[in-house]
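Below is one structure, written out as structure tokens; comments come after it.
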Amino acid sequence: MDIEEISKHFIHVYNRNKIFTKGEDVYLYDDKGGKYLDMGAGIAVSALGYSNEEYKQGLKDQIDKLVHTSNLYFNEPSIKAAGYVTEATGLDRVFFTNSGTEAIEGAIKLARKYAYLKNKDSKGGIIAMEHSFHGRSMGALSVTGTKHYREPFEPLIGGVSFAEFNNLESVKALVTEDTCAIIMETLQGEGGIYPATEEFITGVRKLCDENGILLVLDEIQCGMGRTGKMFAYQHYGIKPDILTMAKALGCGVPVGAFAASERVAEAMCPGDHGTTYGGNPLATAAVCKVFEIYKDKDITGHVNEVAPYLFSRLLELKEKHNTIIKDVRGMGLMLGMELSIPAGQAVTEALKNNLILIQAGSNIIRFVPPLIIEKEHIDAMYNILDKIFYEPYGSVAAKKFKPV
Ligand SMILES: *Cc1c(COP(=O)(O)O)cnc(C)c1O
């Protein structure tokens, strides 16, 4: 199929040049039969890799029973899934959505309603972080810390100010009596793979407690075992008031959720929020299967076993190609490699060598592989990266790259 011809029928917001037709384990196959090692997992979604038999069977069984009923009734998979989510998060109540963005919308609405009940004149101020990413809808965009994503779509929702991530003083400086929520990713993804420092996140938690502000953590990307715990905040001994999740929650079936503590959740009453599809039987059957497979296969245990190996191999590459690779950072299987060249060029070169990488920001490669990845796959990835970065910088292969 001719890519240019196909592209004509789509609104052009992505630059795409590949068609994948099937997946198996940690590999994707294109329409020409090419096999690709996937270090992107569909942007941190396909945590169980591709074509997991148990997962597929769970979906098939649910399709045979019931796909949709609307939220005017309970459905069995959602009851079970709500139990799994509340147990894994330590929060009390959950609302299922169709995407991460919608989970953010719900979280913002819940925070605003909570503030409104405390004070009808509340201005519902929200402090968000620079370089954050929370989604593309008008609400989620309003708290996204990248100016060029926001600007063309203004005016967005009001009352949002931006602090510097990992700078507690910058957050304190923005707190007013109108502040109802502080929203941030526990580990910034899109913005360049920056984990919250312990000092920062525990400081923000304390700041929230002292000022009656709700802490909203966005774990849409870093949650669901990716950092070696089910949720990244569990590394820091703190808990959010509201949590958003999506991506690996359904491992491919579109589903997200926001969860909250009882005290906060009770601010919402019938009529305040809703969704036609959210948490439908098919989506929540996927959520149930995901939690069950995580438990059976000890997915977080596996992450803790292979993640240090991925990190050490990336560090090895950094040593070897120190003019191209400036930094390696992250947590678990959510790692970033900062380059001195545009990441897009490295991603393109990797794809030519049957390795799928995704970027974060302009010069960072983001490693978010399926969580079932093994050391042998990491070695294969290493060899491809070693080849495309070549040694030393300035060699024939590396000259293809234009330094930033
Ligand atoms: C992907 C992502 C979102 C948006 O999720 P969608 O499912 O694309 O709507 C929000 N926040 C974070 C941290 C994300 O990584």
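Since the structure is predicted, the reported quantities are computational estimates derived from the model, not experimental observations. The first residue in the sequence is number 1, and the count goes up from there. Numbering of ligands and ligand atoms starts at 1, following listing order. All heavy atoms count here, side chains included; hydrogens, waters and symmetry mates do not.
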Under 6.0 Å from the ring centre and within 45 degrees of the ring axis: does the NZ or CZ of Lys120 meet both conditions for the six-membered ring of Tyr116?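 Flagged: Lys120 positioned over aromatic ring of Tyr116.
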
Less than 6.0 angstrom from the centroid, inside 45 degrees of the normal: does Arg205 satisfy that with respect to the ring of Tyr233?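 Relative to the ring axis of Tyr233, which defines the angle, Arg205 lies outside at least one limit.
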
Before we go on, tell me: are the rings of Tyr277 and His68 under 6.0 Å apart, centre to centre?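 Between Tyr277 and His68, the centre distance is under 6.0 Å.
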
Ligand 1 and [X], any nitrogen or oxygen pair closer than 3.5 angstrom?
| X | value |
| --- | --- |
| Gly100 | yes |
| Asp218 | yes |
| Ala246 | no |

For Gln221 and Met334, run side-chain contact (heavy atoms from CB on, under 4.5 Å): C-alpha distance rounded to whole Å, both residues' side-chain angles, the deciding distance at 0.1 Å, then the answer. CA-CA 9 Å; Gln221 189 164 161; Met334 185 165 171; 3.8 Å; yes

Which of the numbered atoms in ligand 1 are below 4.0 angstrom from a heavy atom of Glu185?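 Listed by number with element: 13 (C).
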
Please classify the Glu219 to ligand 1 contact at 4.0 Å (heavy-atom distances, strictly less than): side chain, backbone, both or neither.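 It is neither part, as no heavy atom is under 4.0 Å.
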
For a quick test of your reading: what N or O donor-acceptor pairs under 3.5 Å do the side chains of residues 143-151 make, sequence neighbours left out?
from	atom 1	to	atom 2	distance (Å)
Thr144	OG1	His134	N	3.0
Thr144	OG1	Ala140	O	3.0
Arg150	NH1	Thr144	O	2.6

If you have a sec, work out which protein heavy atom is nearest atom 2 (C) of ligand 1 and how many Å separate them, to one decimal?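 Answer for atom 2 (C) of ligand 1: Lys247 NZ, 2.6 Å.
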
Identity and distance of the protein heavy atom lying nearest atom 9 (O) of ligand 1: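 Checking every protein heavy atom, the shortest distance to atom 9 (O) of ligand 1 gives Thr101 OG1, 2.5 Å.
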
Counting only pairs under 3.5 Å, give me each side-chain donor-acceptor contact of residues 43-51, with atom names and distances, residues two or more places apart or in other chains.
from	atom 1	to	atom 2	distance (Å)
Tyr50	OH	Asp38	OD2	2.5
Ser51	OG	Lys56	NZ	2.8

